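My structure is below; once you've seen it, I'll send some questions.
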Number of protein chains: 2
Amino acid sequence: MTDMASATTPAAPALGLRERKKIRTRQGIRHAAYRLFERQGYDATTVEQIAAAAEVSPSTFFRYFPTKEDVVLTDEYDPLMEAALLERPADEPIVDSLRQAVVPLARQMAAGEHDEMLQRMRLVREVPAIRARMGENMSVSCGLLVDVLARRTGRPADDLGLRIVVGALLGGWQETMMHWVENDGTEDLGALLERTLDILADGLGRHAL
Amino acid sequence: MTDMASATTPAAPALGLRERKKIRTRQGIRHAAYRLFERQGYDATTVEQIAAAAEVSPSTFFRYFPTKEDVVLTDEYDPLMEAALLERPADEPIVDSLRQAVVPLARQMAAGEHDEMLQRMRLVREVPAIRARMGENMSVSCGLLVDVLARRTGRPADDLGLRIVVGALLGGWQETMMHWVENDGTEDLGALLERTLDILADGLGRHAL
DNA sequence: GTCTTATATGACAGTCACTCTCAAAAAATA
DNA sequence: TATTTTTTGAGAGTGACTGTCATATAAGAC
């Protein structure tokens, strides 16, 4: 989890001791952090405490995570999303591609890593610093998506229409995610995201708005 | 500017010496900061330098701006937007209300404070810390807008459809703003925002996407 | 297995944003 | 003018992050 399909699945036997150790350290730090966050809250937990709990030095902590926020927000989804999108036929409407490529991805994650995802999104919702960082991530994802879609459809990389569409979509999805957390992840995330896509595809004018 | 219509317009004769001094101090700090940012960049400028340039103590700096980022990002627009929206007829479609209420506001600002707005948005674009903070602001604005619109249309305050629409709209607008800065503010911001509204209103399915 | 090289780690010192407390200065009020 | 309230500056402290250097440990050559 979180580190893609790595130590959890035995699908990577070709990794040297070094790599395996690194992955274990990384997960150790993250788990220690999550445990402390849950007990004392994010702000009240210092990097020093996390490092001590994970039995590494503070220096090592920062070697694995550039900032404290990154423990929560390291985004492993972008490359997966990109790959999934590139597999769609080039002439498919963008909205359909997103529906076919991105939604299943989210669905799969909401299933496989449900609890971790929930805890993570809860922090996003509640801790201002993390929420802010999340916005940054979104704008990076946005740029990435725009690039992929522009390449695929032969548009210029700075096509305003495309940027607007992607920005709007991510904006809508973020609200959807927040709604999902607020209901403690009880709803079907995939269905929610699809509904969001429907609304945006049909136009805000419809849907009695 | 920036501090609404305060010291710039002589429309506030009823302010005591205390208030006037506070406004002057605030603007002094901001101007000193902008000058330094332009010369040395945001990150390379310390709060201590800003305070010195503005001839106040660092303590005073933090009394006026809770964080260094707030010098750039203090958002005075939300209340104006709220007021403008509340003046629209309650049965008007949301998209139309936004078009009538918010766009003129932006237009007016892009005209009156063009250079300051440009400088500010440039920082938003280029400095990660500020961009992140901006995302926070957006999510606050989003909540605010949703509240107003929910009240106006009699929907529940946590109506998912409404949240999605507003989130998407702000997401789209943010991209539009970025496009505007990238072109050095030469385009008509109002027109750009309206176009964004058109795209979202008609639905992403149209517009050949 | 040993030697060499590349990499990971920890200790430490330093910077900077931000917080808190307290006493002095200045404006508002009586 | 005297009193009260607000604003300010000084100073100490915290915690996230950076950079450097010596040590330890895994990888690769032999």
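Proteins come first, then strands; the chains are lettered A, B, ... in the order of their sequence lines, and each starts at number 1. Values in this document were obtained by computation on a predicted structure and should not be read as measured data.
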Task: Residue B:Thr46, side-chain heavy atoms: nucleotide from C:dA17, D:dA10, D:dA26 that is nearest - done: C:dA17

- [ ] Please round to the nearest 0.5 Å and tell me the distance separating atom CD of A:Gln108 and atom CD of A:Glu113.
- [x] 8.5 Å

Task: A:Thr25, nearest nucleotide to its side chain (from D:dG9, C:dT9, C:dG10) - done: C:dT9

Open item on the list: Counting only side-chain heavy atoms from C-beta out, which of D:dG9, D:dA27, C:dA17 sits nearest to A:Arg18?
Closed with: D:dA27

TODO: Answer with yes or no whether the side chains of B:Asp70 and B:Thr67 bring together a donor and an acceptor at under 3.5 Å.
DONE: yes

TODO: Specify the separation, in whole Å, of atom CD of B:Glu48 and atom C1' of C:dG14.
DONE: 14 Å

TODO: Tell me, please, whether B:Tyr42 has B:Lys68 positioned over its six-membered ring: NZ or CZ under 6.0 Å from the ring centre and within 45 degrees of its axis?
DONE: yes

Task: Interatomic distance, A:Glu69 CD vs D:dA16 C1' [rounded to whole Å] - done: 10 Å

Open item on the list: On DNA chain D, compare the nucleotides closest to B:Pro58 and A:Lys21; which residue's is nearer the 5' end?
Closed with: B:Pro58

Open item on the list: Counting only side-chain heavy atoms from C-beta out, which of D:dA10, C:dC16, D:dT7 sits nearest to B:Ser57?
Closed with: D:dA10

- [ ] Among the candidates C:dT21, C:dG10, D:dA26, find the nucleotide nearest to the side-chain atoms of B:Arg63.
- [x] C:dT21

TODO: Please report, rounded to the nearest Å, how far the C1' atom of C:dA26 is from the CZ atom of B:Arg24.
DONE: 14 Å

- [ ] Taking only the side-chain nitrogens and oxygens of A:Lys22, find out if one of them lies under 4.0 Å from OP1 or OP2 of C:dA8.
- [x] yes

TODO: Establish, with yes or no, whether the OP1 or OP2 oxygen of D:dT7 is under 4.0 angstrom from a side-chain nitrogen or oxygen of B:Tyr64.
DONE: no

Open item on the list: Is a donor from one side chain sitting under 3.5 angstrom from an acceptor on the other, for B:Thr176 and A:Arg163?
Closed with: no

- [ ] Whole angstrom is fine here: how far is it from CZ in A:Phe62 over to P in C:dC12?
- [x] 17 Å

- [ ] Specify the separation, in whole Å, of atom CD1 of A:Ile130 and atom P of D:dA16.
- [x] 12 Å

Task: Separation of D:dT7 C1' from B:Ile23 CD1 (nearest whole Å) - done: 15 Å

Open item on the list: If you assign A:Thr60 and B:Val47 each to the DNA chain C nucleotide with the nearest heavy atom, which residue ends up on the more 5' nucleotide?
Closed with: A:Thr60

- [ ] Return yes when atom CD of A:Glu55 has more than 12 non-hydrogen atoms of other residues, nucleotides or ligands closer than 6.0 Å, and no otherwise.
- [x] no

- [ ] Write down the distance between CZ (A:Arg20) and C1' (C:dA8), rounded to a whole number of angstrom.
- [x] 16 Å

TODO: Write down the distance between CZ (A:Phe65) and P (D:dG15), rounded to a whole number of angstrom.
DONE: 21 Å

TODO: With the side chain of A:Lys68 defined as its heavy atoms from C-beta on, choose the nearest nucleotide among D:dA16, D:dA10, C:dA27.
DONE: D:dA16

